[in-house]
Amino acid sequence: LALRRLVTALSLALLLGSFLTKPGAVGIEERLERRDRILEFDPRYRSFLVAVERGTPREATVVLVTPPGRPYLYIGAYVLAPRRVLEEDAAVRGGYLAVYGRDPLGMPGAIEIPGGFLLRQ
Amino acid sequence: VTDSVSAATVLVVLAAIAVAGYLPARLFTSSLSLPERLGWGMASGLTLLALASVGLMAVGLVPGPKKLGAALLLVAAGSLLIRKRPATREARQMRRPSPATVGIALLAFAGVLFFAVQATAGPMWVTDHLAIWGLKAKTIFVTASIPDRLFHDPALEWSNPAYPLLVPLSLSSLAAAVCGWDGRSLALLYPFWQLATVSVVSGFVGRRADPLAGALAGLLCAWCLPLYAPPNLGTAEIPMAFSMTLVSTAFLDLLERDCVETRIRLCLAATLAAATKAEGTLFVLLLLATVVARRHFFARTLASVAAACLALPVLSHALALQLLRGSVPGRSTEWSLLEPGRWVELAERLGRVAVRLFHVEVPGGALALLALAIFLAVTRRSFADALLHPIGLLVVAYAFAAALSRFDPVWQVASAFARITLTLFPVAALILGGRMAATFSAPADAPGELAPS
């Protein structure tokens with residue numbers, strides 16, 4: 001019985017140890033580091049989204065034109081919520097076109113904003 | 001981009017929610033230990049907050065701190081008018097915790113504090129939060145409504161419109177209660193769920209088996225770092241683990257003693273599990289299958305009662321969702337793979353899932369799995385072993401669901417299997433606690449308690 005109890009205690013210690021030594025995808029130090037991970041893959045995108053948020057009403061539909069990659073769409077939809085955010089290839093009338101990473105190049109009606117431009121369609 | 005709400009404000013509001021929930025929860029938790037009552041109080045408070053928020057939005061009002069506070073106060077005060085059942089003899093006779101138990105409980109609480117510090121290190125950032133849970137919650141909070149487009153807009157197809165709404169409603173109602181959407185402070189809801197889970201696990205094992213074993217089970221649960229990790233902040237995994245724990249404890253209590261209180265608890269917990277995520281519904285249905293398959297072990301009435309307390313909440317929740325949003329097709333499962341004409345393809349996909357599981361997932365958790373295997377091999381059986389089959393079957397069901405995915409099954413396993421399987425750890429901790437108590441407190445010649453009879 002004593003051996004059984006010893007093995008039980010050791011197996012529990014091993015289980016707890018496995019949690020502490022392999023805590024998922026990130027290490028302890030990284031877990032406690034204070035930072036905003038949402039936009040760290042492209043910090044310029046934040047100021048662009050803030051400008052789009054300020055330039056559009058809450059009930060607006062916004063077509064986001066961004067570099068390829070789902071993170072741009074997901075982050076855009078989340079930050080701009082409750083606005084209806086659509087991908088680049090969506091055809092919309094009466095909404096806004098928010099283009100990231102490009103200059104308006106004299107496009108009529110386009111408003112230059114940090115990181116891109118905004119156009120009411 | 002977001003409002004600024006201090007973490008202290010959120011902590012105060014969460015404490016108020018727990019107190020407001022504790023009072024009505026007393027009506028169906030008189031036989032439970034204090035930590036369990038606290039856990040149920042937290043669950044009740046959050047549920048009442050979400051329901052109050054939905055009720056206010058349904059009559060066109062904007063949920064805010066005053067209205068939500070008044071609603072919770074009304075329910076809490078109303079519950080005081082209902083005569084509470086006296087604490088049962090079992091509850092009164094609970095032993096005072098030993099210094100060792102208190103010490104271990106404090107270490108468990110340190111695990112909750114550790115996670116709370118991580119939670120507030122930055123805004124919730126994981127993709128599932130941005131694309132699913134947080135997006136819905138923020139939309140509900142800002143519009144003070146549940147817009148139909150969350151379910152039927154093709155532009156939001158990637159946000160899994162078929163998912164249940166308890167997590168988004170919990171986040172949005174908390175945001176309404178603190179008057180702002182701040183992804184950093186709102187993340188404190190997750191350590192709150194962790195604390196509730198640890199309380200229920202340690203309280204339940206302490207009451208049904210042994211206080212020291214309960215404290216150890218709570219410690220294991222609190223320091224399950226792969227579950228209580230930043231990538232799970234803002235998603236449904238941590239609340240899922242909590243509702244599965246509530247269902248499991250209520251289920252085991254009902255098997256031990258069928259009374260009005262245990263029936264209420266099982267109905268409420270099954271509803272919460274179904275309202276959190278589809279995995280919760282599946283877990284409840286597997287418990288139901290366990291009861292049906294082993295009905296000859298139980299008294300006839302008990303099997304029927306347990307089945308009803310598990311099935312009716314799931315059906316009611318499905319009906320309520322259907323009424324709220326109409327039919328929403330699931331986007332992730334390819335059901336046609338179950339047709340005989342596609343069985344060869346299904347078998348090939350199952351093979352790929354198995355290869356991924358045994359080459360990557362199992363080696364990744366080898367140490368923990370080895371520890372669990374040794375533990376199960378050397379310890380005595382306990383009353384909580386009734387949960388072994390349901391959680392084992394649930395893991396198999398997760399693997400099968402990956403093979404049925406509309407996406408690449410290997411990608412499905414890589415992205416979700418470990419994460420959703422980890423939500424079962426608090427339930428596993430109940431089994432570990434039960435077995436610890438059976439092994440350490442039984443005399444040398446005791447055969448060990450058998451699963452419910």
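FYI, side chains are in, hydrogens and waters are out, and symmetry mates aren't considered; it's all heavy atoms of this structure. So that the names make sense, note that chain A is the first sequence line, chain B the second, and so on, each numbered from 1.
Heavy atoms of Arg4(A) lying under 4.5 Å from chain B belong to its backbone as well as its side chain. Only the side chain of Asp153(B) comes within contact range of chain A, with heavy atoms under 4.5 Å apart. Residue Leu3(A) does not touch chain B at all, counting heavy-atom pairs closer than 4.5 Å. For chain A, the nearby part of Leu432(B) is the side chain; its heavy atoms alone come within less than 4.5 Å. Residue Arg54(A): no heavy atom, backbone or side chain, is found under 4.5 Å from chain B. Contacts of Met436(B) with chain A are made by side-chain atoms alone, with heavy-atom separations under 4.5 Å and no backbone atom involved.
Residue-environment remark: CZ (Arg102(A)) stays at or below the threshold of 12 foreign heavy atoms within 6.0 Å.
Closest approach of Phe19(A) and Cys224(B) over heavy atoms only: CD1-CA, 3.7 Å. Across all their heavy atoms, Arg149(B) and Arg83(A) have their closest contact at NH2-O, 3.4 Å. Nearest heavy atom pair, residue Ala81(A) against residue Thr139(B), reads CB-OG1, 3.7 Å. Closest approach of Leu135(B) to Ala77(A), counting heavy atoms only: CD1-O, 3.3 Å. Contact record, Val79(A) with Lys138(B): O-NZ, 2.9 Å, taken as the closest heavy-atom pair. Here the closest non-hydrogen pair linking Tyr78(A) and His129(B) is OH-NE2, 3.2 Å.
With rounding to the nearest 0.5 angstrom, the OG1 atom of Thr8(A) is 9.5 Å from the CZ atom of Arg380(B). Taken from CG in Leu156(B) to CZ in Arg84(A), the straight-line distance is 7.5 Å, to the nearest 0.5 Å. To the nearest 0.5 Å, atoms CG (Leu16(A)) and CH2 (Trp223(B)) are separated by 9.0 Å.
Within residues 369-379 of chain B, the residues having any heavy atom under 4.5 Å from a heavy atom of chain A are, by residue number, Leu370(B), Ala371(B), Leu372(B), Ile374(B), Phe375(B), Val378(B), Thr379(B).
In this view, Thr235(B) and Glu237(B) satisfy the side-chain hydrogen bond (donor to acceptor under 3.5 Å, both in side chains) rule, not counting sequence neighbours.
Aromatic ring pairs are classed by plane angle as parallel below 30°, tilted from 30° to 60° and perpendicular above 60°; the pair Trp158(B) and Tyr74(A) is tilted.
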